[in-house]
There are 2 protein chains.
Amino acid sequence: MDLHVVHKPHRVPVGNVEGLTMRRLAERLAVTPTALYWHVDTKEDVLDLAVDHIFGDVPVPPATDDWRHDVRTLVGGWRAAMLRHTWAPGLIGRPMLGPNVVARTAFLEAALGRGGHDGVRLAVVTRLLANFVIGSALTESTWRATATSATHGGWSDDELFDRGLDAILG
Amino acid sequence: MDLHVVHKPHRVPVGNVEGLTMRRLAERLAVTPTALYWHVDTKEDVLDLAVDHIFGDVPVPPATDDWRHDVRTLVGGWRAAMLRHTWAPGLIGRPMLGPNVVARTAFLEAALGRGGHDGVRLAVVTRLLANFVIGSALTESTWRATATSATHGGWSDDELFDRGLDAILG
DNA sequence: ACCTGAACACCGTTCAAGT
DNA sequence: ACCTGAACACCGTTCAAGT
């Protein structure tokens with residue numbers, strides 16, 4: 001057995017996913033843990049519910065005639081929502097198929113469509129955007145949680161994200 | 001009428017984070033669970049070790065005179081490594097600070113530097129790339145795991161990822 | 001230096017039973 | 001339809017003790 005710990009920054013468990021417990025949830029609902037299983041099949045189910053709930057917090061703005069602006073608004077709200085709920089990162093490793101997610105994705109594709117995207121290009125840019133937000137929110141909130149605050153350069157997460165969007169949207 | 005008469009043992013998906021247990025790890029190492037705690041402070045530590053171990057699988061190619069090619073090779077290998085280890089997605093929500101990660105990031109920045117990037121632009125593109133891979137690997141392996149196989153269009157994950165890279169690298 | 005055994009305070013989930 | 005109590009099969013971690 002040869003395990004070597006290379007690095008050990010002080011870490012706070014990211015958000016509350018690890019702390020989300022059937023028993024704890026039951027207690028908050030003033031109910032017995034076993035009672036939850038009448039409403040839900042498994043803990044996975046409540047996690048899925050939590051995921052879609054987060055995306056309900058992402059504002060879907062009215063569509064304007066500036067499609068780029070619309071994309072930025074939605075995607076910015078997406079990232080913000082994920083950062084607001086520190087437990088999101090631990091949750092995003094699961095299917096995002098709820099109605100709230102679907103609605104946001106539809107808005108995104110519609111805006112890109114107004115920008116002249118269709119076919120593969122539409123699929124490519126949609127994925128690029130979505131995966132960029134997800135990756136960003138994940139790493140940012142991870143670093144935020146470790147509180148190492150390395151500040152690798154003089155640029156904020158917000159600025160780097162924004163300019164990343166510039167690079168994608170042209 | 002209930003078919004699940006027998007006590008259902010814990011579902012243990014091999015090869016994913018949720019299945020990684022101190023006790024299970026100890027067993028594989030032919031050792032007592034408590035023995036692990038001489039080598040390691042906490043389970044978090046072994047998770048961190050696992051993370052960096054994954055990135056050790058990402059090949060660092062020799063630098064060529066085609067910086068774009070170098071970037072694609074590294075980033076493609078990065079995604080592949082993450083997809084190879086199905087448990088990676090659950091792990092990436094934690095600091096990637098090990099030596100293997102640092103080496104890969106350095107290579108990436110060097111290649112981008114050869115492409116004329118510096119200052120903010122270097123930081124922006126590095127982040128964009130890294131967060132895109134992370135997000136991609138995460139969502140792809142999630143969908144793969146749920147096996148919904150929706151095939152939203154006629155395009156493969158590989159193709160969409162590749163063309164996403166096109167969009168980023170110009 | 002390295003490992004064991006026993007113990008503590010937790011988990012998710014099932015089942016029979018109550019209302 | 002909705003909830004409880006008891007139980008099962010697990011967890012991570014600590015601590016004293018052995019070599």
Side-chain angles (χ1 to χ4, degrees), chain A residues 1-54 85-95 98 142 145-147, chain B residues 1-54 85-95 98 142 145-147:
Chain A
M1 185 171 44
D2 191 20
L3 303 175
H4 290 296
V5 178
V6 208
H7 224 101
K8 185 153 48 171
H10 174 255
R11 183 179 37 255
V12 183
V14 176
N16 314 329
V17 219
E18 290 99 31
L20 208 183
T21 277
M22 288 289 106
R23 298 174 119 104
R24 211 116 63 184
L25 177 59
E27 191 185 11
R28 183 179 315 215
L29 296 172
V31 117
T32 267
T34 54
L36 298 175
Y37 288 86
W38 189 88
H39 302 271
V40 119
D41 267 5
T42 177
K43 187 187 179 183
E44 301 284 290
D45 286 353
V46 352
L47 257 20
D48 286 340
L49 287 172
V51 164
D52 201 62
H53 181 75
I54 291 174
H85 301 89
T86 50
W87 36 289
L91 291 177
I92 60 185
R94 56 184 49 249
T142 296
T146 57
Chain B
M1 287 299 269
D2 195 347
L3 297 179
H4 292 123
V5 219
V6 193
H7 205 85
K8 187 166 55 174
H10 263 181
R11 176 186 66 115
V12 178
V14 176
N16 89 8
V17 223
E18 289 102 36
L20 207 183
T21 276
M22 288 289 107
R23 297 175 118 105
R24 211 115 64 185
L25 177 59
E27 191 185 11
R28 184 177 317 215
L29 295 173
V31 116
T32 268
T34 53
L36 297 174
Y37 288 86
W38 189 88
H39 300 271
V40 119
D41 268 5
T42 177
K43 187 186 178 182
E44 300 284 288
D45 286 352
V46 353
L47 256 22
D48 287 340
L49 288 171
V51 165
D52 200 63
H53 180 75
I54 291 174
H85 301 88
T86 50
W87 36 290
L91 291 176
I92 60 183
R94 57 184 48 248
T142 297
T146 56

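As a basis for the values below, the full set of heavy atoms in this structure was taken, side chains included, without hydrogen atoms, waters or symmetry mates. We name chains A, B, ... by the order of the sequence lines, and we start the count at 1 in each one.
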Rounded to the nearest 0.5 angstrom, the CD1-CG distance for A/Ile54 and A/Asp52 is 9.5 Å

Between NZ on residue A/Lys43 and CG on residue A/Asp48, distance to nearest 0.5 Å
12.0 Å

Does any part of the side chain of B/Met22, heavy atoms only, come nearer than 4.5 Å to the side chain of B/Val46, both counted from C-beta?
yes

Taking 4.0 Å as the cut-off, does a side-chain nitrogen or oxygen of A/His39 come that near to OP1 or OP2 on D/dC3?
yes

Separation between CZ (A/Arg23) and OG1 (A/Thr32), nearest 0.5 Å, reads 10.0 Å

How far does CZ of B/Arg24 sit from CG of B/Leu29, to the nearest 0.5 angstrom?
13.5 Å

To the nearest 0.5 Å, what is the distance between OG1 (A/Thr21) and CD (A/Glu27)?
10.5 Å

For DNA chain C, the dot-bracket pattern of Watson-Crick and G-U pairs whose distances stay under 3.5 Å, | for other-strand partners
||.|||||...|||||.||

Name the pairs: protein N/O against N/O of nucleotides 12-16 of chain D, kept only if under 3.5 Å.
{"from": "D/dG12", "atom 1": "OP1", "to": "B/Met22", "atom 2": "N", "distance (Å)": "3.0"}
{"from": "D/dG12", "atom 1": "OP1", "to": "B/Lys43", "atom 2": "NZ", "distance (Å)": "3.3"}
{"from": "D/dG12", "atom 1": "OP2", "to": "B/Met22", "atom 2": "N", "distance (Å)": "3.0"}
{"from": "D/dG12", "atom 1": "OP2", "to": "B/Arg23", "atom 2": "N", "distance (Å)": "3.4"}
{"from": "D/dG12", "atom 1": "N7", "to": "B/Arg23", "atom 2": "NH1", "distance (Å)": "2.4"}
{"from": "D/dG12", "atom 1": "O6", "to": "B/Arg23", "atom 2": "NH1", "distance (Å)": "3.1"}
{"from": "D/dT13", "atom 1": "OP1", "to": "B/Thr42", "atom 2": "OG1", "distance (Å)": "2.6"}
{"from": "D/dT13", "atom 1": "OP2", "to": "B/Tyr37", "atom 2": "OH", "distance (Å)": "2.7"}
{"from": "D/dT13", "atom 1": "OP2", "to": "B/Lys43", "atom 2": "N", "distance (Å)": "2.8"}
{"from": "D/dT13", "atom 1": "O5'", "to": "B/Tyr37", "atom 2": "OH", "distance (Å)": "3.3"}

